[in-house]
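A short write-up of the structure that comes next.
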Protein chains: 2
Amino acid sequence: MMAETRDRIIVATNELFRRQGYNGTSLSQISEAANATIGSIYHFFPGGKEALGVAVIETTGEMFRELFESIANEAPGPAEAYVAFFAGAGTVLAESGYIDPCPIGTIAREVANVSEPLRVAASNAFASWISAATRHLTNAGIPTEQAEQLAHVFVATVEGTFVLSRTQRSTAPLESAGRCVSRLVTLAIDETQRTPTP
Amino acid sequence: MMAETRDRIIVATNELFRRQGYNGTSLSQISEAANATIGSIYHFFPGGKEALGVAVIETTGEMFRELFESIANEAPGPAEAYVAFFAGAGTVLAESGYIDPCPIGTIAREVANVSEPLRVAASNAFASWISAATRHLTNAGIPTEQAEQLAHVFVATVEGTFVLSRTQRSTAPLESAGRCVSRLVTLAIDETQRTPTP
DNA sequence: CCGTGTCTAGAACGATGGTTCTAGACTCCG
DNA sequence: CGGAGTCTAGAACCATCGTTCTAGACACGG
């Protein structure tokens, strides 16, 4: 009973943040969307809106990391994984009427210089994605340093295409990004195989 | 006299939006930072905060497009241009204490589903960057379709690395992105030269 | 000197923001 | 029953939001 309401609050907040950002969303909106009174929100998140934001970032961060890992595991190869990831994001984006698929980047840009707790939460979420992608790429045989570089670019491109595709209401940037990231990965693997580890 | 105040308002608003986003910035803050009364703001922007936001996006959009073009012209080759662009962005970011270098992406994510005028302004700004980059790449001999794809990825990566670098307070993502985008460009040019246009 | 147009000053408006607080309702173990 | 703990209801708080409005300051051609 208790976790149910808490989860409803987080889910509703997540969607509202994705649609209108952190500062553009009021607690009364959240209360209405989650079918929970403002008193309930403060009961579960005594730190108020900021604490709720941190919880949303942490939840979403884990969710995306798991999503990436499951797509990476199911894909026939590393290169295909990235195409599949961007393609999936495109479908979600278009189906939702071009609501932002990810609240983390939005919140980060709004408050990175204003709220340390929120900035740190976002930074941790990104870091977990980067290390998941790095792990995935080193498993494919790419040397650590280069894998980290590619992982950075992957995460950055994800966030960047979300802005671009959403603003232009088109999935074309996502598709381009999938192809390009996948090309970078195959290129790195080819190089590795030409010069095998001594 | 008149254009002076108007410019001061736009410059101050630009910086405040970069630091705290659109909804996180109040007109009273803008008024104070620009040394202009709220009456002045409404005199120059009768459409209120939204119209001011559109003006900021348009101004910044042109500024970045010109910046890209001048860097592209000065660089010894297409590949070097992108490394230089990301490196320059990194310097600006670090020097400013990791304030967002670009208000457009922030505003876009906050209000793309809430304010059509702002969404359209952001979309136009991005489109102008994409077409500038596409022009630059086709001039280097890359076929149109592939040039457009690369231009999409370039712009998306710029916006994405801004979020990432700012949140993590590190210029590493920007450097990785410069290297990777530049590698994609040289790769495309190499392919073009191997299979010259019939 | 006058008056027209541009720009600024700042009070006033209703609405809503996040937060706090006190009661009340519910569950569940004894 | 009963009472401790968990959760909800909703009024009340002050601050601030974006916007509007009316006066006044200033410049300048006649």
Side-chain angles (χ1 to χ4, degrees), chain A residues 1-57 103 106-107 110-111 113-119 121, chain B residues 1-17 19-57 103 106-107 110-119 121:
Chain A
M1 201 61 156
M2 72 163 234
E4 208 175 271
T5 305
R6 209 190 108 105
D7 285 353
R8 271 207 326 277
I9 293 172
I10 288 195
V11 168
T13 308
N14 181 300
E15 183 165 332
L16 286 167
F17 281 177
R18 282 163 47 201
R19 192 187 298 268
Q20 16 177 303
Y22 178 82
N23 286 312
T25 302
S26 67
L27 287 182
S28 61
Q29 280 182 309
I30 295 172
S31 153
E32 192 182 357
N35 264 328
T37 63
I38 294 187
S40 290
I41 297 177
Y42 273 88
H43 170 73
F44 288 110
F45 304 96
K49 196 184 183 184
E50 193 177 51
L52 175 54
V54 169
V56 166
I57 289 178
T106 310
I107 302 180
E110 281 186 79
V111 301
N113 290 89
V114 174
S115 159
E116 264 298 286
L118 287 169
R119 199 214 103 225
Chain B
M1 202 63 157
M2 75 164 232
E4 208 177 272
T5 306
R6 209 190 106 107
D7 285 353
R8 271 206 326 276
I9 294 172
I10 289 195
V11 169
T13 309
N14 180 301
E15 182 165 332
L16 286 167
F17 282 177
R19 193 187 296 269
Q20 16 176 303
Y22 179 81
N23 286 313
T25 302
S26 69
L27 286 183
S28 61
Q29 281 182 307
I30 295 172
S31 154
E32 193 182 356
N35 263 328
T37 62
I38 294 188
S40 289
I41 298 176
Y42 273 89
H43 170 73
F44 289 109
F45 305 96
K49 195 182 183 184
E50 194 178 49
L52 175 53
V54 169
V56 167
I57 290 178
T106 309
I107 302 181
E110 281 187 77
V111 300
N113 289 88
V114 172
S115 159
E116 265 298 284
L118 287 170
R119 198 213 104 226

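Below, read A as the first sequence line, B as the second, and so on, with proteins coming before strands; counting in each chain starts at 1.
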Send over the distance from [X] [atom1] to [N] [atom2], rounded to a whole Å.
X        : N       : atom1 : atom2 : answer
Glu32(B) : dT16(D) : CD    : P     : 12 Å
Arg8(A)  : dC7(D)  : CZ    : P     : 13 Å
Asp7(B)  : dC7(C)  : CG    : P     : 12 Å
Phe45(B) : dT19(D) : CZ    : C1'   : 16 Å
Ile41(A) : dC21(C) : CD1   : C1'   : 16 Å

Item checked: Consecutive Watson-Crick or G-U pairs in runs of at least 3, all under 3.5 Å, in which DNA chain C is involved -> C:4-25 with D:6-27
Margin query: I'd like to check Ile30(B) versus Leu27(B) (side-chain heavy atoms, cut-off strictly below 4.5 Å). Are they in contact?
Written below: yes
Within the structure, does a side-chain N or O atom of [X] lie under 4.0 Å from either OP1 or OP2 of [N]?
X        : N      : result
Ser40(B) : dT8(C) : yes
Thr5(A)  : dT8(D) : yes
Thr37(A) : dA9(D) : yes
His43(A) : dT8(D) : no

What N/O pairs connect the protein and nucleotides 13-19 of chain C at under 3.5 Å? Give each pair on its own line.
{"from": "dG17(C)", "atom 1": "OP1", "to": "Ser26(A)", "atom 2": "OG", "distance (Å)": "3.1"}
{"from": "dG17(C)", "atom 1": "OP2", "to": "Ser28(A)", "atom 2": "OG", "distance (Å)": "3.2"}
{"from": "dG18(C)", "atom 1": "OP1", "to": "Thr25(A)", "atom 2": "O", "distance (Å)": "3.3"}
{"from": "dG18(C)", "atom 1": "OP1", "to": "Lys49(A)", "atom 2": "NZ", "distance (Å)": "2.8"}
{"from": "dG18(C)", "atom 1": "OP2", "to": "Leu27(A)", "atom 2": "N", "distance (Å)": "2.8"}
{"from": "dT19(C)", "atom 1": "OP2", "to": "Tyr42(A)", "atom 2": "OH", "distance (Å)": "2.4"}
{"from": "dT19(C)", "atom 1": "OP2", "to": "Lys49(A)", "atom 2": "N", "distance (Å)": "3.0"}
{"from": "dT19(C)", "atom 1": "O5'", "to": "Tyr42(A)", "atom 2": "OH", "distance (Å)": "2.7"}

Considering all heavy atoms, the nearest [X]-[Y] contact:
X         : Y         : answer
Leu118(B) : Ile57(B)  : O-CD1, 3.8 Å
Asn14(B)  : Pro103(B) : ND2-CG, 3.9 Å
Ala34(A)  : Ala12(A)  : CB-CB, 3.7 Å

Checklist line | Neighbour count >12 (heavy atoms, 6.0 Å) for atom CD, Glu116(B) | finding: yes
Check: Under 3.5 Å, side chain of Arg19(B) to main-chain N/O of Asn113(A), donor-acceptor pair present?
Finding: no
Next item on the list: Using modelled atom types only, decide if a donor and an acceptor are shared between the side chain of Glu110(B) and the backbone of Asn23(B) within a distance under 3.5 Å.
Entry: yes
Notebook entry, point to check: Do Arg18(A) and Glu15(A) sit within salt-bridge range, that is, some charged N less than 4.0 Å from a carboxylate O?
Noted result: no
Could you go through residues 36-49 of chain A and list every donor-acceptor pair under 3.5 Å that involves a side-chain atom there, pairing it with any protein atom two or more places apart or in another chain?
{"from": "Thr37(A)", "atom 1": "OG1", "to": "Ser40(A)", "atom 2": "N", "distance (Å)": "3.3"}
{"from": "Thr37(A)", "atom 1": "OG1", "to": "Ser40(A)", "atom 2": "OG", "distance (Å)": "3.3"}
{"from": "Lys49(A)", "atom 1": "NZ", "to": "Tyr22(A)", "atom 2": "O", "distance (Å)": "3.0"}
{"from": "Lys49(A)", "atom 1": "NZ", "to": "Thr25(A)", "atom 2": "O", "distance (Å)": "2.8"}

